[in-house]
Amino acid sequence: MKGFFTYNSGGVSMHIKEYNPREIEKKWQNIWEEKGTFRASSDKSKPKFYALVEFPYPSGDGLHVGHPRSYTALDIIARKRRLEGYNVLYPIGWDAFGLPTENFAIKNKIHPRIVTERNVARFRNQLKSLGFSFDWSREVNTTDPNYYRWTQWIFLKLFEHGLAYKAEIPINWCTECKVGLANEEVVNGVCERCGGEVIRKVKSQWMLKITEYAEKLLNDLDTVDYIEKVKVQQRNWIGRSEGAEVEFRIAGQDIIIKVFTTRPDTLFGATYMVLSPEHPVVSQLKDKITNWDQVEKYREEAMKKSDFERTEISKEKTGVPLMGLMAVNPVNNKEIPIWISDYVLMSYGTGAIMAVPAHDTRDWEFAKKFGLPIVEVVKGGDVEKEAYTDIESGVMVNSGFLDGLQVKEAIPRIIDWLEEQGLGRRKVNYKLRDWVFSRQRYWGEPIPLVECEKCGWVPIPEDQLPLTLPEVENYMTTDTGESPLANIPEWVNTTCPKCGGPAKRETDTMPQWAGSSWYFLRYIDPHNDKAFADMEELKYWLPVDWYNGGMEHTTLHLLYSRFWHKFLYDIGCVPTPEPYKKRTSHGMILGENNEKMSKSRGNVINPDDIVEEFGADTFRVYEMFLGAFDQAIPWSQQGVRGCRRFLERVWRLQELVADEEGYSPELETAMHKAIKKVSEDFERMKFNTAIATLMSLVNDFYDAGRITRGEFRTFLILLNPAAPHITEELWEILGFEGMLNEQKWPQWDEEKTVEDMIEIAVQVNGRVRDVIKVPKDADQQAVKDVAMESENITKFIEGKKIVKEIYVPGKIFNIVVK
RNA sequence: GCGGAUAUGGCGGAAUUGGCAGACGCGCUGGAUUUAGGAUCCAGUAGUUAACAGCUGUGCAGGUUCAAGUCCUGUUAUCCGCACCA
């Protein structure tokens, strides 16, 4: 019984206090706050580590259990980095502009600013109750005029550099939200937020030229450490394709129609053209079209269709010929008919295609349906049965000077020819479109431009920023799609900063993605009123070392913010071409019934309830333990209980601590193994197995019946990033030096991660027949000697001939017999 | 249709490079303790079997190998992304 440490100096297991998370969690949260424990230091001599999680939209529903999954994960990384000696920046803020708040405000007649304040206060409390090691002194809020002043400033820079322009184009219009949407916000033809129907609406819109950065956004993916899934999705979204732009003349007209094609080699097989119904040439040549009534009807129908209907797959191709017009195939001067069809999109390429039915599946379907000629120009398939699209093995035929060439040879040859003749040129095309940046809503950043009759669009001078939102009575949107701001004449009517004449303010506001496109920069220097952030600070902290967030933001926020950052880099405002060095993504947490958590399904878990009943540490440990971090996983209330039980067992370890330093011989290997496993698993985001390792170690501790102070100290440090409150408390109770968060992350000795005596599985013909114990450095003969003493082995060998022996040190010994 | 991922006990999931399948947790069964248990502790828990002997077993069908959850070929199902992108 000697040397056992107990809380009350009595006997073993006598009087330790009960584990009371409610009490100790509050206690440590207060201590950390008072001491500013997790503030990033201004000391730049230390190596830095910038950990970032996507800041939340403070919705009225409060925190979702999905938020803490991401936050706990990077909290673990951040806490580990501090223990490793880094100066860590782990900030948080609020992405607080946006529709739900505004809708709530309208419905309940409360100003969106008040709603936002309330929601933020609730979120802040919830996050604080979970003990995240955020640097709260750097909190940002996108709706704060001191913040959006800089959002507006960046917008003006984009405008100055010609990257923001106003265009009258058909945009995606959500009929529910009564707001224009970016392409990225339309999912499966409906609004990604509300699921409402999206129609095409022609509106004058502010656009950002993200397409100008398509090449950089694509190429620089090779320079960053993002999970492959994200890179693949961004590449697909940018959708680069190489080909040629070819000019088709209209017979008897002085008009040229350009098409984009990736298969210029098949030009001799182009037997007709198809234009998008919206193609401007159609109206332009109205007088020449003999079946105008039919054409007009088709165009009207196409316009009426929602995006969803129009892009619906597997529907029959439709179309109408432009009678009275013929195009001329530039390679052979043959006249070919021109059709319009809604399978040709105005928004991709030039809105017109050359149709090669023999070698394009869509054109083939169309030609078959309307009896258009099919001319084979690449040999290898049966073009009467289906389009032959192979580009690897086909040989050109019926193609004049291209005959006999492989497809891959023919492509550059024909492009050279087109360029020589002035009939076309090499061209790279992207699926990525410019970013529709206007929102017809109140609760967003005002666009800091005025329209002057004389000077056109004029930016508001920088020293007059921020342009703040006016107080209004009514935020209702109108069915005509005008922003609520348009109804405030005293705000709209202003003077031109340039000439002093009368001018009108832009009344649309920015999308929610504006403020989030640069928030990680503001965290670096959040109180700066001279610049969005000081260059010296930016140089120290950028890039973000590790950014975790949802897959749903891959082609939205993540792409947008890379674009803004690249622009800021080009104009010398940030020191790095890429904002984020590493990007990872967490899986969704589903309800207990394996369905997506939602109010309507009645399967929502409220984090507050879990913290209240089990404590924040249990909640954190459970979220990390429930399964692979990057996969969707259902919640299990029973599983939470198990994690609480684990922490109870940790708490009671106090009773086992003997007054001895170092590691005991019995547990030394287990300690080194655990340090290694936990260290590596945290880095690989294998949080579930790291926690499992710690659970196993606790089981080992109980099996051993007593542990040293050294063992307990190491264990507490390993568990600390996941369960920071209970570990600090135990650290204090045990009277260890200083505070736990000031300690050093433990090291392991590779040598000591293996026991001196190890177990080797002995197989006969690949089947395990026995397990033997041998010294860890035993050679094959030694292992064989031990194995042959085993009856379990010998009875399978008896009477047979040993033909082969395989020994994998530390793993198995296999004897092959015949 | 294209691209990506996944498939392992009653459940969530483990298994660096091919080397003892089912770690860890939940649940369940039995026991101890308790006035009580949604507390704690002990034992058991893939299937089959009288068995701590064997045999079978990682969606399905083949193959490579001394050895396959892992590699190869084919196939099915589910999920995610894109979706007439010329």
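Throughout, a chain's letter reflects where its sequence line sits, starting with A, and its residues are numbered from 1. Any value given below was found using the heavy atoms of this structure, including those in side chains, with hydrogens, waters and symmetry copies removed.
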Rounding to an integer number of angstrom, what distance separates [N] and [M] when you compare their [atom1] atoms?
| N | M | atom1 | result |
| --- | --- | --- | --- |
| B:A21 | B:U75 | C1' | 24 Å |
| B:A53 | B:G44 | P | 15 Å |
| B:A83 | B:G3 | C1' | 11 Å |
| B:C20 | B:A14 | C1' | 15 Å |
| B:U35 | B:C11 | C1' | 34 Å |
| B:U45 | B:G9 | C1' | 10 Å |
| B:U76 | B:C24 | P | 38 Å |
| B:G1 | B:C71 | C1' | 29 Å |

Pairs under 3.5 Å (N/O, protein and nucleotides 29-31 of chain B):
none

Legend entry - Closest-nucleotide ordering on RNA chain B, the 5'-leading residue of A:V232 and A:K431: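 The answer here is A:V232.
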Inset, instruction - Between A:D363 and A:K686, name the one whose nearest nucleotide on RNA chain B is closer to the 5' end. - result: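 Nearest nucleotide further toward 5': that of A:K686.
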Inset, instruction - Could you tell me whether A:K773 atom NZ has more than 12 heavy atoms of other residues or ligands within 6.0 Å of it? - result: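 Incorrect, the count does not exceed 12.
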Inset, instruction - Begin from the C-alpha positions of A:Y272 and A:F370 and carry the test ring-ring contact (aromatic ring centres under 6.0 Å, His included) through to its verdict. - result: CA-CA 11 Å; A:Y272 62 100; A:F370 294 107; 9.0 Å; no
Inset, instruction - State whether A:E680 and A:K686 are salt-bridged, where the test is any N-O pair (Lys NZ or Arg NE/NH1/NH2 against Asp/Glu carboxylate O) under 4.0 Å. - result: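 Salt bridge absent between A:E680 and A:K686.
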Do any side-chain nitrogens or oxygens of [X] fall under 4.0 Å of OP1 or OP2 in [N]?
| X | N | value |
| --- | --- | --- |
| A:R645 | B:C24 | no |
| A:N688 | B:A14 | yes |
| A:R649 | B:U40 | no |

Inset, instruction - In whole angstrom, give the distance that lies between atom CZ of A:R767 and atom C1' of B:G19. - result: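 Checked: the CZ to C1' distance equals 15 Å.
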